[in-house]
Amino acid sequence: MENLRLLFAAPSLSLQLLLDGVLIGAIFALAAYGMALVWGVMGLINVAQGELVMLGGYAAYFLYRAGIHPLLGVPVAAILLFILGWALYRVVVFRVVDKDLFISILATYGLSILLQQLANGLFGANVRTAESGFGTLVLLDGAVTISEIKLVAFAAALLAGAALIVFLKRSRMGQAIRATSQNARAARVMGIDTDRVYAWTFGLNAAICGASGALVAMTWIVHPYLGLPYTVRSFMIVILAGLGNVFGVLAAALGLGVAENFAGFVLGAEYQAAFIFGLLVVILVWRRFSLARQRRYLT
Amino acid sequence: MKLPAPRELLIPAVILAFGLLAPVLAPSYRGQMAFLWVMIVFALTWDLLGGQMGYNSFGNILFFGVGMYACVVVQRDLHLGYYAALFLGMGVGALLAVTVGALIGSGLLGLRGHYFAIGTLGIGIAAGELASGWDFVGGGGGMVPPLFPGAVGGRETFFYYLSFALAVVTFPVLRFLYAGRFGLAINAIRDDEDKAEAMGLRTTRYKTTAWCVSAFFLGLMGGVVGNLVGFIDPREVAFAGSTFGVWMVLMAILGGKGTLWGPVLGAAIFHVTKELFWTYLLGWQRVALGLLIVVIVVFFPRGILGWARERWPERFGQRVDEPASEAGR
Amino acid sequence: MTPILEVQHVRKSFGGVVANDDVSLAVPAGKIYGLIGPNGSGKTTLFNSIVGQHPVDGGSIRFAGREITTLRVPQIARLGLLRTFQQTRIYRGMTCLQNMLISVPPAGLGWRSVYLRPSAAEERKAEDLLQFVGLHAKRHLPGGDLSFGQQKLLEFAMALMSQPKMLLLDEPTAGINPTLINGLLERLRQANRDFGITLLVIEHNMRVIMQLAEYIYCLAHGELLAEGKPEEVQKDQRVLDAYLGAT
């Protein structure tokens with residue numbers, strides 16, 4: 001609680017935490033938007049979402065090691081992850097799309113363990129980061145500092161999200177995806193190859209996660225075990241925002257980033273993970289009781 | 001109540017005899033065999049919720065961890081004799097697990113389907129993270145239960161029989177519950193919870209009870225395993241969501257979820273296979289685990305007994321009566 | 001005679017769509033009443049409002065002298081007001097007998113009885129009711145293995161097992177083999193006569209409802225269009241218009 005007092009004593013500290021939180025939030029929003037896309041179109045909750053972020057991070061890291069600037073690594077990571085997502089759909093995910101929810105959750109949970117442990121075996125458990133060589137901005141006479149990379153990552157995240165949205169709005173495939181999300185049966189009757197649409201959707205989701213992971217790798221760190229918190233964050237954001245609500249996702253994600261940053265400061269870093277998972281439970285239970293008052297269920 | 005036919009008692013008798021004699025026949029495998037019974041209890045208590053009630057929990061490990069910590073804290077802080085402290089600790093652990101279950105149950109069990117699955121996943125991990133930050137229970141370094149007072153090697157035998165006894169109690173208790181109205185009610189909740197509510201069933205009461213029964217046995221088992229393993233790591237032993245927590249789900253599914261013997265069969269097959277082959281995988285065990293989950297869930301979601309029930313429904317009591325017997329009425 | 005079910009000025013809308021607007025009706029105890037109306041006229045919405053599936057926007061609903069407007073589904077069911085579903089709902093993984101045994105009157109399910117086996121009397125009653133709807137031979141089959149029509153019969157038998165005061169039936173004859181309809185109607189009448197269960201029946205089949213109900217309410221566009229004895233409703237010009245395309 002010492003830290004809480006500190007927070008009130010130094011308002012600039014709050015500003016610092018707020019800024020950092022907002023800047024992380026945009027990256028959360030990317031993965032969450034991908035989850036909402038897959039959830040809405042395929043009716044599937046992808047528990048391996050965070051692992052896709054993690055692999056995107058490793059892609060950017062290895063590209064950086066090969067001499068490619070991390071910012072250029074972002075689109076490359078997205079493309080690599082698109083291919084991976086497509087392949088995952090063709091090998092595993094397509095088999096569980098029409099199955100009951102638990103099967104798909106457990107199957108993607110299995111995938112998440114598989115990818116996490118593969119990364120652990122192949123890349124080692126060490127913490128990695130992709131140095132981008134940006135400096136630090138000092139504001140308000142040194143009371144608030146922002147590393148430029150966070151600003152760049154924030155902008156890049158918004159840009160990547162916008163690119164995906166434009167793709168969904170404008171391209172033929174994007175229109176097919178949106179049609180399928182509204183009514184897969186009708187889309188099939190109208191001659192849309194929904195299997196292909198699902199493959200694209202999962203691929204796009206993986207791509208956006210890959211971009212998000214690349215940004216994570218250059219702003220913070222990558223390690224094999226960072227996946228599950230990202231999955232849980234995405235899930236929370238989607239529950240709060242609802243499916244198909246872009247600005248809701250962004251707002252919830254920024255809010256989560258800020259909340260996490262403050263919690264991490266007040267409770268101490270060792271409780272940050274506990275905070276994320278605890279918050280998930282609190283949000284779920286709160287949603288359940290608020291809906292129950294209207295005789296409704298969280299479905 | 002009529003006694004079961006001798007044929008039905010054959011399998012339980014064989015299992016009992018095996019369980020009692022195993023440490024004598026193969027003393028060097030007592031530890032592994034103790035874990036066989038642990039796994040059976042894991043699968044049975046998971047199936048109570050996931051298979052029989054349709055509430056697929058990823059967080060049952062919570063009760064296991066709570067029981068384990070409570071037991072070892074009692075052993076550490078109350079200066080009683082070894083056995084008194086152990087049994088008191090197990091009791092306290094079970095009670096605490098049930099209390100936790102009842103408290104969070106009212107909130108979590110109102111969630112349906114995937115919300116419940118992911119909510120319970122969150123609570124299991126949150127518990128592990130909390131424990132590893134809490135110095136009273138040793139923080140990230142974990143705890144060590146007190147030394148066993150008996151002879152060298154006596155510890156394994158003692159905890160072998162303790163986990164065996166626990167499995168032997170768990171199975172008939174669940175069987176008894178499934179045979180009564182409780183079993184019917186949780187099956188009804190699994191098949192169509194809205195219908196059960198429309199028929200006026202107090203679904204929350206049944207769900208909380210099921211959750212607490214599961215918590216009770218896992219809480220007891222937590223104390224046993226804490227002492228059997230010999231140290232408590234918050235994330236790897238007590239709240240081991242990525243090993244024990246996933247195994248329980250996998251074993252129940254492998255054997256056939258929602259069947260009485262399925263979890264027992266699944267746990268036995270999984271555990272034996274794991275003990276035989278795991279060491280050859282040298283560090284890639286968890287990759288294999290992930291792969292195994294995907295393969296079983298995708299290709300074999302009904303499990304062994306579920307498959308058998310589809311193949312030979314008559315053997316599971318699903319039959320059409322002959323018109324002749326109809327005429328007699 | 002005081003009505004057992006009294007719906008007054010109930011309103012319900014979904015978003016901008018008004019599903020029920022100022023609907024009032026009353027069903028006296030021990031009678032069979034009908035509720036008709038073209039597709040989308042708000043019949044099922046009204047059922048859902050009555051049994052507590054969703055909140056109503058206005059109005060009040062009373063059952064057996066009790067205000068139930070804000071109660072939720074299980075509470076209302078425990079008062080003795082049950083409904084069956086248009087898309088039949090049974091416990092698909094359980095045998096027919098088990099479906100019946102879990103449908104005993106919920107008021108009698110105290111803490112203690114929960115852990116006991118169903119009594120011999122209950123089992124006998126379950127078998128008798130299965131016999132009553134003609135499913136006795138299939139009592140050991142899972143409910144999900146039955147045909148749609150048989151599932152409807154099972155759902156009806158489950159409702160009887162629960163000894164409700166009143167039963168709301170959502171299209172009991174839809175999807176049932178026409179040759180079996182007369183038998184079903186006879187059973188509905190029998191349930192009403194012998195067990196004293198008040199019935200409110202949604203039905204599309206005009207011939208059926210005219211035979212079965214002694215009084216009929218007709219909904220159109222979410223509003224109560226007409227009410228009266230079957231003969232009267234049948235001749236009502238507004239009802240004819242509503243059904244014959246003037247919608």
Side-chain angles (χ1 to χ4, degrees), chain A residues 39 44-45 47-48 91-93 95-96 99-122 225 228-229 231-232 235-236 239 267-289 291-292 297-299, chain B residues 50 54-56 58-59 104 106-135 139-140 193-194 197 235 241-243 246 249-250 253 257 282-299 301:
Chain A
W39 193 341
L44 177 121
I45 294 171
V47 184
V91 176
V92 178
V93 177
R95 295 177 199 275
V96 296
K99 298 278 171 57
D100 74 56
L101 263 166
F102 177 62
I103 300 235
S104 63
I105 285 193
L106 193 55
T108 51
Y109 189 42
L111 270 185
S112 125
I113 295 178
L114 184 66
L115 294 176
Q116 174 197 74
Q117 296 298 332
L118 270 178
N120 188 32
L122 295 174
Y225 295 97
L228 203 51
T231 301
V232 166
F235 188 71
M236 278 193 269
I239 295 173
L267 302 173
E270 70 269 31
Y271 285 115
Q272 191 163 10
F275 173 78
I276 299 170
F277 291 100
L279 186 65
L280 165 75
V281 177
V282 170
I283 287 177
L284 281 172
V285 171
W286 166 73
R287 285 278 291 161
R288 159 208 171 351
F289 282 116
L291 285 175
Y297 295 106
L298 186 60
T299 45
Chain B
Y55 270 69
N56 298 296
F58 284 116
I104 62 170
S106 61
L108 275 180
L109 288 164
L111 300 170
R112 302 269 178 105
H114 44 270
Y115 294 96
F116 180 79
I118 293 183
T120 49
L121 180 68
I123 210 157
I125 298 174
E129 295 294 334
L130 279 178
S132 62
W134 191 14
D135 289 332
E193 186 166 353
D194 289 332
E197 290 202 335
R235 297 192 194 90
S242 57
T243 49
V246 190
V249 187
L250 195 61
I253 291 181
K257 63 181 212 167
L282 286 175
W284 294 90
Q285 287 103 331
R286 290 191 182 180
V287 177
L289 175 69
L291 199 61
L292 198 62
I293 293 174
V294 174
V295 168
I296 289 182
V297 169
V298 169
F299 294 103

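Throughout, a chain's letter reflects where its sequence line sits, starting with A, and its residues are numbered from 1.
- With respect to chain A, the highest number of heavy-atom pairs below 4.5 Å among B:L250, B:I104, B:T120, B:V246 belongs to B:V246.
- Summarising the geometry, atom CZ belonging to A:R287 is positioned 7.0 Å from atom OH belonging to B:Y115; distances are rounded to the nearest 0.5 Å.
- Heavy atoms closer than 4.5 Å to chain B are found nowhere in A:L44, neither backbone nor side chain.
- Sorted by first and then second residue, the salt bridge (charged side-chain N to carboxylate O under 4.0 Å, His left out) pairs with a member in residues 285-299 of chain B read B:E236-B:R286; sequence neighbours excluded.
- Heavy atoms of A:L106 lying under 4.5 Å from chain B belong to its backbone as well as its side chain.
- When heavy atoms are compared at a cutoff of 4.5 Å, A:L111 approaches chain B by way of both its backbone and its side chain.
- By number of non-hydrogen pairs under 4.5 angstrom with chain B, the leading residue of A:I45, A:T108, A:I276, A:L279 is A:I45.
- The side chain to side chain contact (heavy atoms under 4.5 Å, CB included) search around A:V281 returns A:V285, B:L108, B:I123, not counting sequence neighbours.
- The NE2 atom of B:H114 sits 12.0 Å away from atom CG of B:N56, with the distance rounded to the nearest 0.5 Å.
- Of the listed residues (A:F102, A:Y109, A:F275), the one with the most heavy-atom contacts under 4.5 Å to chain B is A:F102.
- Using a distance-only test at 3.5 Å, with no hydrogens or angles considered, no donor-acceptor pair links the side chain of B:Y55 to the main chain of B:F116.
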